[in-house]
Amino acid sequence: MTGPELAEAGRLLAAARRPVVFTGAGMSAESGVPTFRDAQTGLWQRYDPQELATPAAFRADPALVWGWYEARRRGVRRALPNPGHRAVAAIQARLPETVVITQNVDDLHERGGVPAPVRLHGSLFAPRCSACARPAPLPSDLPPPAGTPVPGAPEARDEAEPPGGPVSHAPEPQDGPLTPPACAGCGAPVRPGVVWFGEALPSAALDAAVEAAAGCDLLLTVGTSALVHPAAEIPVVAARLGAPVVQVNPVPTPLDAICAVNLRGPAGEVLPALVRAAWPDADAG
Ligand code: BV8
Ligand code: ZN
């Protein structure tokens, strides 16, 4: 990606001191993690994610919902951070006051070099009891994240993405319903540590996100359709308080109107180019 938009966005980033990077599912698309808009696969293609990601669905069929999250967890473990994740880490390395806010429940920001993103919608890797909220262990047979050196293993697991684009790490056909484990404390079913539709966001994370957006001097919104609330209001808070907003998304979204610059392209290509436009000497990660 080149052109006046990229140059302008690079100028805004180079001038920033307290940027916010706000991400959605598109950030992980090039890592093979399906977005919410992408069609589901296998058993789950019959279900709308927004129906499965609800307390009602878990009450009605805990094994179906737990199985779905287990399949997504395994998919993320097979995935690798993409150059977009590493570029976000490069921005934070260059500007330590950068706050990364994500709607994603995968751990690719952390594995891509951002140690503590503000998680608005929880994580696939923080199960807890559905009754007493006691943290629960991850399934013992969960493979380590791709890229993790396995001592003594024949070949490193760090396979580079094949030329034909990222391998999809969507749930696999054989993935299916799975009875959730019982809480070690009270015996109730363990649930995924994510925010379901109809549930309140963790107040500490939401407060930190609103505060960062209100105090930022640039907000970069990456790979979100901005349809899920209250998360979608974060870029609006920044714009209302006069910060320029730069959007990275291959297609228009409801945020277009508040953006100073719209960069139409995939995060894995645009973000490294943006870092180079801001800091020509920088290693974009
Ligand atoms: C609540 C965790 C109340 C679970 C998620 C106001 C107006 C309208 C509705 C509401 C409203 N306020 C509340 C609501 C209801 C609801 C809501 O917003 N509904 C929507 C659908 C209309 N909100 C809630 O229920 C929230 N809770 O309101 O509680 C309350 C309050 C107090 C007390 C009690 C209760 C909770 C919402 C959180 C739900 N949980 N995730 C899980 O993951 O399983 S939301 C989930 O979906 C994601 O986390 C994310 O937030 C959202 C998906 O959006 P995106 O990330 O943007 O992804 P999407 O697939 O949509 O788009 C991808 C984009 O990437 C596209 O634009 C595409 O073009 C782009 N792209 C693709 N490839 C690339 C790319 N971009 C760059 N590079 C690429 N390569
Ligand atoms: Zn319990």
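In this chain, residues are counted from 1 in sequence order. What you see below is based on every heavy atom in this structure, not just the backbone, and it leaves out hydrogens, waters and symmetry mates. First listed ligand is number 1; within each ligand, the first listed atom is number 1.
- When Thr102, Thr224, Thr221 are each tested for a side-chain hydrogen bond (donor to acceptor under 3.5 Å, both in side chains) with Thr23, only one passes: Thr102.
- With sequence neighbours excluded, the residues forming a ring-ring contact (aromatic ring centres under 6.0 Å, His included) with Phe58 are Trp196, listed by chain and number.
- The environment of CZ in Arg264 is crowded: more than 12 heavy-atom neighbours from other residues, nucleotides or ligands sit within 6.0 Å.
- Excluding waters, the set of protein N, O or S atoms lying under 2.8 Å from the Zn ion (ligand 2) comprises Cys129 SG, Cys132 SG, Cys183 SG, Cys186 SG.
- Scanning for side-chain contact (heavy atoms from CB on, under 4.5 Å) contacts around Ala14 gives Ala278, Trp279, with sequence neighbours left out.
- A salt bridge links Glu110 with Arg119: the distance from a Lys NZ or Arg NE/NH1/NH2 to an Asp or Glu carboxylate oxygen falls below 4.0 Å.
- Checked for salt-bridge contact, Glu269 and Arg276 miss the test: no charged N lies under 4.0 Å from a carboxylate O.
- Of the N and O atoms on the side chains of Asp256 and Gln247, at least one donor lies less than 3.5 Å from an acceptor on the other residue.
- Interatomic distance, Arg17 CZ to Thr98 OG1, rounded to the nearest 0.5 Å: 10.0 Å.
- Around ligand 1, the residues contributing at least one heavy atom under 4.0 Å from the ligand are Gly24, Ala25, Gly26, Ala29, Glu30, Thr35, Phe36, Arg37, Gln50, Ala53, Tyr69, Arg72, Gln103, Val105, His121, Val194, Val195, Trp196, Phe197, Gly198, Glu199, Ala200, Leu201, Gly223, Thr224, Ser225, Leu227, Val228, His229, Asn249, Pro250, Val251, Pro266, Ala267.
- At least one donor-acceptor pair closer than 3.5 Å links the side chain of Asp48 to the backbone N or O of Gln50.
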